[in-house]
Colleague: 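Pasting a structure below so you can have a look.
Remember, it's a predicted structure, so these values are computed and weren't measured experimentally. Convention: sequence-line order gives letters A, B, ...; per-chain numbering from 1.
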Amino acid sequence: MLKHTFCHIPGFGAGTERSLWQAGLHGWDDIFNQPNLPLSSKKEATLHSHIRESIAQLQAGNGDYFYGLLPSDQQWRLFPAFRDQVAYFDIETTGLGDPSDYITTIVLYDGRQVRSYVSGQNLGDFARDIADYRLLVSYNGKTFDAPFVRRCLGAPLDQPHIDLRYVLGSLGYRGGLKGCEQQLGIPRQGLEDIDGSFAILLWHDYQRGNAKALDTLLAYNALDVINLEILMVLAYNAKLAKTPLGLEHHLPLPTSPSLPFAADQDTIQRLRSQHGWSSY
DNA sequence: CCTCGGCATCTTTATGTAGT
DNA sequence: ACTACATAAAGATGCCGAGG
């Protein structure tokens with residue numbers, strides 16, 4: 001998709017890009033073959049120089065270049081070029097950000113492998129592991145997860161970052177991660193009633209000695225992260241469908257790995273009744 | 001050349017929202 | 001209550017071609 005992108009060039013907005021597309025100039029290669037472009041000579045010069053630069057930067061795998069130039073509502077275009085170096089991630093904490101709050105668990109998924117990090121065990125390893133990836137994907141992670149990780153773990157998390165909250169929101173899907181999943185028909189087998197506040201209860205139950213509560217928490221955490229990949233592909237295809245480019249660039253839905261953790265229904269039921277049925 | 005009008009892009013401001 | 005990201009609306013800038 002980057003090879004079909006022009007709106008990262010200064011002076012080239014959504015309108016100019018669309019008119020180029022509709023003139024049959026779908027990609028960077030077409031620009032050099034076409035003798036007379038529907039542009040002024042000044043714009044043509046900036047177009048040529050920026051496309052030469054873009055080809056080199058893409059070849060070098062430099063996502064920062066495009067991330068810095070793309071309008072924020074077009075960052076989703078980075079996905080296919082960096083899909084083999086993408087990290088889907090999500091954190092659980094003891095609260096929304098009081099100074100006393102801390103990260104309890106993190107799950108990182110790269111499309112192949114699920115890795116988990118637990119406070120008191122290996123949480124700090126996340127800072128090293130996440131640095132190996134060149135694109136981050138999260139839900140509301142730009143506002144919540146990434147600042148929390150920077151503050152508590154000192155990881156820079158300075159890679160390009162696609163926050164699905166805004167991509168899905170621009171497609172009309174709002175109401176949080178669970179709401180989006182529901183609207184798009186993505187199941188959460190056995191974990192449909194667990195949310196972030198219940199995750200706090202699971203953590204405290206684990207602290208009191210219930211090992212199955214941690215498994216349940218990690219199952220919930222991992223399911224969120226695995227579903228991020230499905231959401232990313234669905235959102236990407238939906239954004240693509242709004243362009244006049246062909247359908248040939250659509251991505252197939254990924255096959256999700258099975259959850260490496262088992263939720264314990266007895267623990268869920270007990271915590272539910274202990275804390276009242278009304279809110280859960 | 002110079003100015004003007006139309007259009008697209010860029011900037012500024014205010015408002016909204018989701019995470020545990 | 002918080003945070004820091006986004007969009008939306010409104011205003012400013014600047015490019016480009018037409019016409020004098």
Colleague: Return one dot-bracket line describing DNA chain B 5' to 3' (Watson-Crick or G-U wobble pairs, both distances under 3.5 Å; ( ) same strand, [ ] crossing, | another strand, . none).
Modeller: |||||||||.|||||||||.
Colleague: When all nucleic acid strands are considered with a 4.0 Å heavy-atom cut-off, which category describes A/Phe148: base, sugar-phosphate, or nothing?
Modeller: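 No contact.
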Colleague: At 4.0 Å (heavy atoms only), tell me whether A/Asp90 reaches a base, stays on the sugar-phosphate, or touches nothing.
Modeller: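 Here A/Asp90 touches the backbone only, sparing every base.
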Colleague: Nucleotide range of DNA chain B contacted by chain A, 5' to 3', under 4.0 Å to a heavy atom?
Modeller: B/dA8 to B/dT20
Colleague: Go through the steps for A/Arg270 and A/Asp205 under the test salt bridge (charged side-chain N to carboxylate O under 4.0 Å, His left out), then give the verdict.
Modeller: CA-CA 10 Å; A/Arg270 179 171 52 76; A/Asp205 200 49; 2.8 Å; yes
Colleague: What does A/Thr94 touch in the nucleic acid at a heavy-atom separation under 4.0 angstrom: a base, only the sugar-phosphate, or nothing?
Modeller: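 If one applies the 4.0 Å heavy-atom cut-off, A/Thr94 turns out to touch nothing in the nucleic acid.
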Colleague: If you count every heavy atom of other residues, nucleotides or ligands that lies below 6.0 Å from A/Lys43 atom NZ, does the total exceed 12?
Modeller: yes
Colleague: Just checking A/Ala14: base, sugar-phosphate only, or nothing, at a heavy-atom cut-off of under 4.0 Å?
Modeller: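 It contacts sugar-phosphate atoms only.
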Colleague: Cut-off 3.5 Å, no hydrogens considered: what does the side-chain donor-acceptor table look like for residues 254-264 of chain A, sequence neighbours left out?
Modeller:
residue: A/Asp264; atom: OD2; partner: A/Thr267; partner atom: N; Å: 3.0
residue: A/Asp264; atom: OD2; partner: A/Thr267; partner atom: OG1; Å: 2.5

Colleague: Any sub-3.5 Å donor-acceptor pair from A/Gln75's side-chain atoms to A/Asp163's backbone N or O?
Modeller: no
Colleague: By ring-ring contact (aromatic ring centres under 6.0 Å, His included), which residues pair with A/Tyr109, not counting sequence neighbours?
Modeller: A/Tyr88
Colleague: Could you tell me whether A/Asp101 contacts a base, only the sugar-phosphate backbone, or nothing, with contacts defined as non-hydrogen atoms closer than 4.0 Å?
Modeller: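 Result for A/Asp101 = nothing.
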Colleague: At under 4.0 Å between heavy atoms, what does A/Gly175 touch on the DNA or RNA strands: base, sugar-phosphate, or nothing?
Modeller: sugar-phosphate
Colleague: Quick one: A/Glu44 CD to C/dC15 P, roughly how many Å, whole number?
Modeller: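 After rounding, the reported distance stands at 17 Å.
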Colleague: Can you run down the ring pair (Phe, Tyr, Trp, His ring centres under 6.0 Å) pairs that involve residues 225-249 of chain A, sequence neighbours left out, and say none if there aren't any?
Modeller: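 Sorted result for residues 225-249 of chain A: A/His4-A/His249, A/Trp76-A/Tyr236.
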Colleague: Take atom NZ of A/Lys239 as the centre, draw a 6.0 Å sphere, and report whether it contains more than 12 heavy atoms from other residues, nucleotides or ligands.
Modeller: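 Counting other residues, nucleotides and ligands, NZ of A/Lys239 exceeds 12 neighbours.
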Colleague: Assess whether atom CZ of A/Phe79 is packed by more than 12 heavy atoms of other residues, nucleotides or ligands within 6.0 Å.
Modeller: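 More than 12 within 6.0 Å, yes.
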Colleague: With a cut-off of 6.0 Å (strictly less than), are more than 12 heavy atoms of other residues, nucleotides or ligands near CD of A/Gln182?
Modeller: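 Counting neighbours around CD of A/Gln182, 12 or fewer heavy atoms of other residues, nucleotides or ligands fall under 6.0 Å, so no.
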Colleague: Specify the residue among A/His161 and A/Lys42 whose closest nucleotide of DNA chain C lies further upstream toward the 5′ end.
Modeller: A/His161
Colleague: Could you tell me whether a side-chain N or O of A/Glu92 sits under 3.5 Å from a main-chain N or O of A/Thr104, the two making a donor and an acceptor?
Modeller: no
Colleague: Can you tabulate the close N/O pairs, meaning under 3.5 Å, that link protein atoms to atoms of nucleotides 1-5 of chain C?
Modeller:
residue: C/dC5; atom: OP1; partner: A/Lys142; partner atom: O; Å: 3.3
residue: C/dC5; atom: O2; partner: A/Tyr166; partner atom: OH; Å: 3.2

Colleague: Heavy-atom distance under 4.5 Å between the side chains of A/Phe82 and A/Gln159, does that happen here?
Modeller: no
